[in-house]
Amino acid sequence: MSESTNDPGDNSRTETNPDRDEKPSDSYCSCCRVCDCYRDAPGADEKAADRNAGRDDDDTEHDHDEPRDDRHDEHDHGDHVDHSDHEDMFRQRFFVCLVLALPVLYYSPMLQDWFGFTAVTFPGSGFVGPVLGVVVFAYGGIPFLRMGAVEARNREPGMMLLISLAITVAFVYSIAAAGFGIGEPFFWELVTLIVIFLLGHWIEMRSVRRASGALDELAELMPETAERIADDGETREVPIDDLEEGELVLVRPGSNVPADGVVEEGESNVNESMVTGESKPVKKEPGSEVIGGTTNRDGSLRVRVAATGEETTLSGIMRLVEDAQESRSRTQVLADRAAGWLFYAALGVAAVTAVGWTLAVGFGLPVVERVVTVLVIACPHALGLAVPLVVAINTSMAARHGMLVRDRIAMEQARDLDTVVFDKTGTLTAGEQGIVGIETVADWSEDDVLTLAAAAEGDSEHMIAQAIRDEAADRGLEVPDVRGFEALEGRGVRATIEHDVAPAVAGGEPDGTGGSSDRDGRTVSVGGPNLLRHLEVDPDGDLERFADDAGSRGEGVVYVLRDEQVVGAIALADVIREESFEAIDALHGMGVEVAMLTGDDADVAHSVADELGIDTVFAEVLPEDKDEKILELQDRGHLVAMVGDGVNDAPALTRSDVGIAIGSGTDVAVESADVVLVENDPRDVASLVRLSAKSYRKMQENIIWAAGYNVFALPLAAGVLAPIGILLSPAVGAVLMSASTVIVAINAQLLRRADLSV
């Protein structure tokens with residue numbers, strides 16, 4: 001794999017390795033600075049300032065060295081991970097300020113002149129603009145002022161400080177102009193700025209919000225009670241919190257294992273796919289280990305408890321998810337960086353304007369008007385909407401293409417992905433057994449063998465039986481009735497069919513297996529090698545070679561017998577999705593390497609990888625190791641996406657730079673992901689990368705348009721062309737500002753025409 005050349009600012013992340021230089025997540029977003037989770041933290045302001053003391057002045061990406069423990073001591077921000085309170089705050093303030101802004105615009109003398117109307121007057125109507133302007137500033141502007149103050153203290157000017165500068169200057173000048181009659185107040189400009197930026201930030205918060213229920217979903221896998229077996233042999237239902245190491249518990253069919261332990265009595269198959277990723281149920285017998293939270297299927301087990309509470313495997317996964325969530329680093333928004341540059345540009349131009357005009361005409365009202373115009377015009381509406389508009393369209397387009405974006409930052413990062421790691425089971429494969437090959441003895445067809453197998457498996461609940469029945473149904477085979485169905489524990493199934501379906505040979509005898517073709521039924525058995533050993537029969541050479549080849553590919557084989565004669569063999573495997581081939585090809589076409597991460601054995605994993613053309617395989621990986629594999633790739637400098645669907649994928653999904661969950665997966669995987677593929681189509685991963693790249697390009701274009709307005713307007717507002725009679729007034733500046741906003745909005749809409757098909 002090649003070294004990543006990604007911008008370290010966009011792709012910065014916190015690692016959990018204590019030997020590495022840490023870059024803390026600083027889990028407070030800019031909005032957190034104005035909510036109770038930050039303001040109620042003791043010494044939050046001082047600690048925020050202390051964190052930035054002595055930082056590298058060239059570091060504009062919030063990557064400050066900080067001990068992990070100190071960050072945790074500051075404040076538990078867990079209640080605010082989804083930022084839904086911030087979204088509600090901006091939505092409420094936007095609508096209130098919008099209603100209050102309309103009368104201000106209506107009574108603005110400048111707008112009346114522009115549009116040729118006269119506002120209805122009444123006693124005191126002249127105070128509508130100033131009074132409501134003050135209310136909008138106090139109610140709608142205060143979040144930006146608070147966030148701007150934090151940016152100022154951290155010496156990291158961005159959008160919030162630029163907004164604060166513009167609205168504060170407009171407010172102070174307007175109050176002075178209205179109170180002392182020294183010029184034209186900017187109240188309509190003030191409320192418009194505040195309303196549009198509230199709208200933009202509301203859109204932004206809605207797009208960045210992500211649910212935080214992963215840990216709850218994990219916890220729900222554990223049953224609330226367990227059946228503890230007392231010394232007298234009686235079972236008593238107790239809360240799992242009361243279980244202690246060494247106690248014996250009963251796990252009935254269909255129930256979840258209450259704690260990690262070792263089987264002392266009983267045999268059963270246990271579904272561990274949600275924890276280990278193993279696609280097949282795992283047979284458990286005395287001496288086998290079981291994991292708390294997994295599901296017992298068809299037999300009763302008596303389990304000796306080996307670990308409870310925080311010591312269980314599932315609790316370990318929960319801790320990994322929590323750590324990975326906390327380790328996410330804060331990524332600077334592109335528009336915020338542009339706003340930081342504009343902040344310094346605005347101050348510089350304002351200073352030059354003040355000095356230049358003072359030297360030219362002397363200090364007075366014209367100089368103040370010029371400086372105010374520069375500072376107000378420096379904050380274009382377009383810049384506030386440049387990114388949120390694209391984000392909103394991006395999210396809408398993603399949803400129409402089967403992708404639910406839960407984390408905007410991850411969506412922006414997807415454009416730079418150089419490695420995509422897929423979970424195998426349920427992601428690249430269907431997560432269920434399917435028939436991949438059938439071999440028969442002479443004179444028998446595949447359909448004949450499959451018909452016998454489907455008949456014998458008719459009453460079985462096993463996933464192999466379901467796969468055989470589904471294949472028979474797909475082929476339109478007529479399956480005969482059976483009687484005397486019997487499940488052979490650990491070997492397979494046996495039943496008697498009412499009508500023989502075997503091909504006839506010369507002389508009318510059905511291939512010499514004994515008995516006549518009109519005999520009342522034949523015994524059909526279906527099972528694995530254990531069945532053949534039990535019956536002391538051997539398959540012919542062709543069937544043996546077929547089974548060996550299937551085994552080398554990690555496929556399972558069951559044999560079909562009629563009256564204890566092997567007539568065929570059926571190979572089954574976790575079926576690869578047809579879409580997976582196109583997805584891998586599309587990613588390779590973009591220069592993205594593909595890896596596969598699975599708990600399955602190496603033979604199965606490499607068989608699937610070879611068929612799909614996957615570059616790297618991580619097989620037989622435990623849940624905690626899945627997280628480590630992602631971290632290993634990141635340590636090499638790669639920007640990594642993880643695609644998965646199970647609980648065992650949750651830590652890796654959260655640890656990765658971009659976590660992508662298959663929508664049919666467990667809820668915890670969905671809750672841990674940044675993007676959810678609703679249609680369960682791995683091709684959408686390639687579509688995601690394309691959409692991210694196209695969206696980022698639109699963001700860049702919009703910021704160029706928005707910043708270009710400043711490049712043009714600021715010099716004119718400063719009076720560069722005043723000697724030839726060209727002087728930009730606030731009114732003309734507002735027109736240019738509106739034009740820039742319209743251009744940005746139209747350009748964002750063009751994103752809807754992007755082709756994301758694979």
Side-chain angles (χ1 to χ4, degrees), residues 7-10 30 33 48-49 51-64 141 144-173 186 189-190 193 196-197 200-201 330-359 367-387 699-700 702-720 728 730 733 736-737 740 744:
D7 178 358
D10 283 347
S30 58
R33 309 298 185 177
R51 282 200 309 271
N52 294 280
R55 70 176 182 88
D56 186 350
D57 292 337
D58 292 333
D59 182 3
T60 60
E61 304 300 325
H62 300 283
D63 292 341
H64 316 302
F144 301 114
L145 296 176
R146 285 176 174 166
M147 290 184 284
V150 173
E151 290 183 353
R153 285 197 299 271
N154 291 345
R155 301 188 303 281
E156 295 174 345
M159 178 64 75
M160 297 303 106
L161 191 54
L162 189 57
I163 295 173
S164 300
L165 176 66
I167 63 177
T168 300
V169 169
F171 175 74
V172 172
Y173 178 79
F186 291 168
E189 182 75 60
L190 170 67
L193 278 171
I196 288 187
F197 277 111
H201 223 66
R330 188 176 69 183
T331 304
Q332 188 75 310
V333 178
L334 181 61
D336 215 29
R337 276 183 257 155
W341 301 331
L342 286 175
F343 172 78
Y344 289 118
L347 291 182
V349 173
V352 171
T353 299
V355 172
W357 278 83
T358 299
L359 293 176
V367 176
V368 176
E369 288 179 341
R370 285 298 95 209
V371 172
V372 170
T373 301
V374 166
L375 293 177
V376 172
I377 287 177
C379 186
H381 299 61
L383 189 57
L385 294 178
V387 172
M699 291 179 189
Q700 289 179 311
N702 276 359
I703 288 178
I704 290 173
W705 277 110
Y709 155 84
N710 286 78
V711 172
F712 175 75
L714 282 178
L716 293 182
V720 170
L728 185 65
L736 292 175
M737 183 185 295
S740 178
V744 164

Which donor-acceptor pairs under 3.5 Å do side chains of residues 159-167 form with protein atoms, sequence neighbours excluded?
| unit_1 | atom_1 | unit_2 | atom_2 | d |
| --- | --- | --- | --- | --- |
| S164 | OG | F144 | O | 2.7 |
| S164 | OG | M160 | O | 2.7 |

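- Counting only residues at least two apart or in different chains, ring-ring contact (aromatic ring centres under 6.0 Å, His included) contacts with residues 149-173 comprise F137-F171, Y173-F186.
- In plain terms, the two heavy atoms of T168 and L145 that are nearest each other are OG1-CD2, 3.4 Å.
- The two residues V349 and A718 have their closest heavy-atom pair at CG1-CB, 3.8 Å.
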